[in-house]
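Report on one structure; see the data block that follows.
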Amino acid sequence: MSYSRQSLMCRCYGAMKKCFVFTSPFLLLIAGADKDGNLIQQKLHSICCMVGEGCKYLYDVISDTFSWGIQHVQDTGIFDCNGNLELRVIIASVVLGAYSLLLFSYVWKSRNIRARIRLKQDSCRASINDLKKNIIQVPSKRVEEILSCNFQELRRRLKKGEVTATEALAAFQQKALTENDRLNFLVEPVKEAEDLAKDCDQKTNRDRPLNGIPVSIKENYFMEGYHSTGGMSTLLKYGTVKEDGVLVKVLKHLGAVPFVRTNIPQLMMTFECSNPIYGCTVNPYNLKRGPGGSSGGEGAILGAEASILGWGSDIGGSLRIPSHFCGVYCLKPTAGRLGSKSNEELDEGLVQSLINPTPGPMARDVDTLVEAMKAVLCPFMFELDPEIPPIPFNTEVYESKKKLRIGYYYSDGYVTCIPGVKRGLDEALEGLKNRKHELVEFVVPDVRAMFSELFCKACFGDGSEHVMNMFNDDMVDPTITLIVLMHQFPKFIQKYLSYISTWVTNDRVTGEQMRAMLGVGSVTDWWELTGKVIEFRKSFLQKWKDLELDAVVCPTFPYVAPPTGAVKYLIGGVTYTTLYNVLNFPAGCVPVTKVTAVDQIAMQDYPSNMAVEKFIKKYFSADTGGLPVTVQCVGLPYQEEMVLRVMKEVELGVADLKQS
């Protein structure tokens, strides 16, 4: 999808707006007017009449504002208003005329933005209501029976014809519609799902690896006939996607039935889950808290057990954070293992290649992730996208009984984990130890520098220019207002504010992050950044090799699901996930426990030095009981099978602990 014309228009509008905002006060100071400002008021009236009677209120607003300005100038005695300074009057007229046009443009643009958002909302609402009216009727006992199946059991019964794909679809549609009323994870149902299910019920198709399995899909996946916006309404203008992305094509080829599309945060660079088009998604375990992001809708639907297999994406934790907050499993593959042609990533074609996003599966157990990866790593996908390494799933590695040497750490050296997260890692490590694996303590290199100097600078290397250009023609969701507002200031002010932020928060990372998001200054700076990323990867890999590790197990995140809207105060936690995006190591999440009352009491001893720690203590000392905790399992690049094996070992080890 090309955004070149859009980008040019947005840049022109933004430049014009900034020009008038910053220069017009000075022009007005030298302009002056006649005693009552009548000439300018007449000109303003003429301008407003030109744009129609409907904009007369613009004249009233601007005229009143200017009259106040005239009176202020006269009262201060700065100008002699007895004379008729025609040139200055003309300058003032031009400036105020431009202001009126800008104001009219803003009002007109806002009206258009709201109109296209309403149109999409109405379309989604109509699709949901249509499904409620026309859903295939399946007896409630049959629905419960189907929903109680795990992935392996459901696939077996579908293959034998004991359950039809149409029945399975209807069961999950009913569950999704019911849970969506309280969680709002659903963007829209997939209209052709019923036809796909009927095709799966043909006997000749029953041997396909995913035949008849209903799957939920993150909104940013390319699906023919649907919008892929990433929460940005400006992309609605480009119409629906013309063809399925690679992974959607592969899933349909394998017999899967995409049945719903799920919610994301605006911009997809935050772990909230809210946007102006589809609204806010909440956590299935606590409706006051968020499901994470950016694959938050997937986290919520799987956490509510309204889907059995979902697909999201990850560039900084967007698979792992929702999995952690909602208590589900996921795998973030090595970027490239599943290609890069399946999703909208809001890059306007201006792709930075240092830290790449990757699609990945989400599920309710490890076995489902394994079967999903076995299925999609197939010749059909390798033919569709020759850039994907033709590496099929290595069953031998996954099923190996060899005892592993596994590194672990409780802290990455920046934000301290809350007691419930530490206890979760304790249980995972104890389970691994009981299964005779060797555990080795691992010390993480400087994640502060990794996050600010590498991750943020790489992802926002253009100083966030392309993102801000998109916001010139979009509404801003309240959850990211602070980020967008900061980027409205000139860079020298942002830099000044970054030092103030460091002082206020007692945390140098916040200031370094803000300065990093100003971008690089030249191609030479980008080359230097590239060298730093490569060197960091080499250094980390050498530490891994020196310890002869097979994998690492660590916290997924330092805290559990935060209250909706609180993420902007808790950004520091993402170093636990972004580390493995910078390294491009595969990583997965396994639920191990839930927060207890004892964990909440232990929060009394949590540190309160940095601002982020104070907010963590505020938000996680109460109202967190029952929230899920996962651990993160990490492997070397292109060793997803090893990651899944360690995840399975953790899953079995924790299960054994609970039974003993």
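The basis for the numbers below is simple: all heavy atoms, side chains too, and nothing from hydrogens, waters or symmetry mates.
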Item to complete: Dump the intermediate steps for side chain to side chain contact (heavy atoms under 4.5 Å, CB included) on Phe471 and Leu267, then the final yes or no.
Response: CA-CA 10 Å; Phe471 277 115; Leu267 198 60; 4.2 Å; yes
Nearest heavy atoms of [X] and [Y], plus distance in Å:
X      : Y      : result
Cys149 : Arg364 : O-NH2, 4.5 Å
Ala193 : Phe259 : CB-CA, 4.1 Å
Cys589 : Ser323 : CB-CB, 4.2 Å
Ala372 : Pro361 : CB-CB, 4.3 Å
Ile355 : Val582 : CD1-CG2, 3.8 Å
Gly290 : Ala561 : O-CB, 3.5 Å

4.5 Å side-chain heavy-atom contact, [X] and [Y]:
X      : Y      : result
Glu344 : Glu219 : no
Lys614 : Met610 : no
Pro562 : Val567 : yes
Lys594 : Leu627 : no
Trp311 : Thr262 : no
Lys218 : Arg261 : no
Leu147 : Phe172 : yes
Tyr285 : Pro628 : yes

Consider only side-chain N and O atoms of [X] and [Y], and report whether a donor and an acceptor are under 3.5 Å apart.
X      : Y      : answer
Ser621 : Gln600 : no
Tyr329 : Glu651 : yes
His227 : Thr240 : no
Thr281 : Asn263 : yes
Ser127 : Asp130 : no
Gln266 : Thr479 : no
Ser233 : Asp474 : yes

Are [X] and [Y] within salt-bridge range, i.e. N to O under 4.0 Å?
X      : Y      : result
Lys457 : Glu453 : no
Lys341 : Asp244 : no
Lys648 : Asp367 : yes
Lys175 : Glu179 : yes
Glu613 : Lys618 : no
Asp473 : Arg116 : yes
Arg423 : Asp599 : yes

Between [X] (side chain only) and [Y] (backbone N and O only), is there a donor and an acceptor less than 3.5 Å apart?
X      : Y      : result
Asp477 : Ile480 : no
Thr556 : Gln632 : yes
Asn343 : Asn220 : no

Discussion item. If the condition is side chain to side chain donor-acceptor pair (under 3.5 Å), which residues does Asp426 pass it with, not counting sequence neighbours?
Written reply: Tyr410
Worksheet item: Excluding sequence neighbours, so at least two apart, what forms ring-ring contact (aromatic ring centres under 6.0 Å, His included) with Tyr569?
Response: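 Partners of Tyr569 by the ring-ring contact (aromatic ring centres under 6.0 Å, His included) criterion, ordered by chain and then number, come out as Phe615.
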Discussion item. Between Thr578 and Ile315, does the side chain to side chain contact (heavy atoms under 4.5 Å, CB included) criterion hold? Intermediate values first, please.
Written reply: CA-CA 8 Å; Thr578 54; Ile315 193 175; over 6 Å; no
Practice prompt. Apply side chain to side chain contact (heavy atoms under 4.5 Å, CB included) to the pair Phe460 and His487, showing each step before the final yes or no.
Written response: CA-CA 11 Å; Phe460 300 93; His487 282 90; 5.5 Å; no
Fill in: Arg320 vs Thr577, side chain to side chain donor-acceptor pair (under 3.5 Å): CA-CA, chis, key distance, verdict
CA-CA 7 Å; Arg320 290 159 289 160; Thr577 53; 4.8 Å; no
Worksheet item: salt bridge (Lys or Arg N to Asp or Glu O under 4.0 Å) between Arg337 and Glu640: does it pass, once the steps are laid out?
Response: CA-CA 9 Å; Arg337 185 81 192 260; Glu640 284 75 15; 2.5 Å; yes
Item to complete: Nearest 0.5 Å please: distance from the OG1 atom of Thr593 over to the CG atom of Leu657.
Response: 10.5 Å
Worksheet item: Passes side chain to side chain donor-acceptor pair (under 3.5 Å), Thr510 versus Asp507? Steps please.
Response: CA-CA 6 Å; Thr510 57; Asp507 179 6; 4.8 Å; no
Worksheet item: Passes side chain to side chain donor-acceptor pair (under 3.5 Å), Thr416 versus Ser411? Steps please.
Response: CA-CA 6 Å; Thr416 303; Ser411 172; 5.2 Å; no
Worksheet item: What's the verdict on side chain to side chain contact (heavy atoms under 4.5 Å, CB included) for Cys273 and Ile264, showing C-alpha distance, side-chain angles and the deciding distance?
Response: CA-CA 5 Å; Cys273 191; Ile264 68 285; 5.6 Å; no
Discussion item. Assess the residue pair Phe271 and Phe557 against the criterion (ring pair (Phe, Tyr, Trp, His ring centres under 6.0 Å)); give the C-alpha distance rounded to whole Å, side-chain angles, the decisive distance to 0.1 Å, and a yes or no.
Written reply: CA-CA 12 Å; Phe271 50 100; Phe557 223 62; 5.3 Å; yes
Discussion item. Using side chain to side chain donor-acceptor pair (under 3.5 Å), reason through Thr575 and Asp412 one step at a time and then give a plain yes or no.
Written reply: CA-CA 8 Å; Thr575 54; Asp412 67 1; 2.6 Å; yes
